[in-house]
Amino acid sequence: MACWLLKSEPDVFGYPDLVRAGREAWNGVRNYQARNFLREMRGGDLCLFYHSNARPSGVAGVARVVRAAYPDDLQFDPASPYHDPRSDPAAPRWSMVDVEPVAELPRVVPLETLRALPEWQSSPLVCRGTRLSVLPVTPAQFRAALAAGGSDLPGLFLNPA
DNA sequence: GCCAACGTTGGC
DNA sequence: GCCAACGTTGGC
């Protein structure tokens, strides 16, 4: 099982929205590197749900992938801001996955806190200028983030490093 | 294939 | 709201 981080602006779609929805298609990703990560996701993978453009920005909860990558329908919707007229329906350019909520963290883990964790030093998230909205995280990073957020999720989610 | 212009992301 | 960083576009 792999671990990931998904960014979303809480003003648009925050972790509480995912809880309310119960399940959501993670669509609208229009960056090739992020798309490639989406395509690597498998059912059961866990994701840190990161609030960007927030006060403070940080990890708000945990989500689980419940459906692996399939074509993002918005790319073929002319009314959508995510419409991509150059995408070929026979070979869709953009993908999405479905995710469901697992648990909200008792405390949001701000970016500043992540930066201070030894496990996160190597993550693209803490590098300035990184705009990736989907990125892999290591099990150690995942556990460290949960611990910083006061989560008591059973450790059986993840094998010790 | 280069590269300048432009748009977007996202922290602050 | 500012602006640095970066990806994409399109002229040549």
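Keep in mind that the numbers below use all heavy atoms, side chains included, and drop hydrogens, waters and symmetry copies. Here is how names work: the chains are called A, B, and so on, in the same order as the sequence lines, proteins then strands, and each is numbered from 1.
- Note on Tyr50(A): a side-chain N or O is less than 4.0 Å away from OP1 or OP2 of dG11(B).
- Applying the 4.0 Å criterion to OP1 and OP2 of dC12(B), one finds that Arg115(A) has a side-chain N or O inside that range.
- One interatomic measurement links the two molecules: CG of Asp84(A) to C1' of dT9(C), which rounds to 13 Å at whole-angstrom precision.
- Asp98(A) places no side-chain N or O within 3.5 Å of a backbone atom of Val66(A) that could act as its donor or acceptor partner.
- Of the two residues near DNA chain C, Arg128(A) and Asn53(A), the one whose nearest nucleotide lies more 5' is Asn53(A).
- Rounded to an integer number of Å, the gap from Leu135(A) CG to dT9(B) P is 16 Å.
- One interatomic measurement links the two molecules: CD of Glu9(A) to P of dG11(B), which rounds to 9 Å at whole-angstrom precision.
- Ser95(A) and Arg35(A) form no side-chain donor-acceptor contact under 3.5 Å, judged by distance and modelled atom types alone.
- The side chain of Arg86(A) lies closest to dT9(C) when the candidates are dG11(B), dT8(C), dT9(C).
- Contact check, Lys7(A) against dG10(B): a side-chain N or O comes under 4.0 Å of OP1 or OP2.
- Looking at heavy-atom distances under 4.0 Å, Arg55(A) makes no contact with the nucleic acid at all.
- Rounded to a whole Å, the CG atom of Asn31(A) is 9 Å from the P atom of dG10(B).
- Ser52(A) and Glu9(A) are not linked by any side-chain donor-acceptor pair at a separation below 3.5 angstrom, with hydrogens and angles left out of the test.
- Within the nucleic acid shown, Arg30(A) has no heavy atom closer than 4.0 Å to any nucleic acid atom.
- Of the residues Ser57(A), Ser8(A), Ser133(A), the one that meets the side chain to side chain contact (heavy atoms under 4.5 Å, CB included) test with Tyr50(A) is Ser57(A).
- Following rounding to the nearest Å, Leu111(A) (CG) and dG10(B) (C1') show an atom-to-atom distance of 10 Å.
- The nucleotide whose nearest atom lies closest to any side-chain atom of Arg131(A) is, among dG10(B), dC12(B), dT8(B), dT8(B).
- Whole-Å rounding puts the Arg93(A) CZ to dG7(C) P distance at 17 Å.
- We find that CG of Leu5(A) is positioned 14 Å from C1' of dG10(B), with the value rounded to whole Å.
- If you take CG of Leu114(A) and P of dC12(B), they are 11 Å apart, rounded to a whole angstrom.
- In summary, Asp72(A) and Arg93(A) do not engage in a salt bridge, as defined by a charged side-chain N under 4.0 Å from a carboxylate O.
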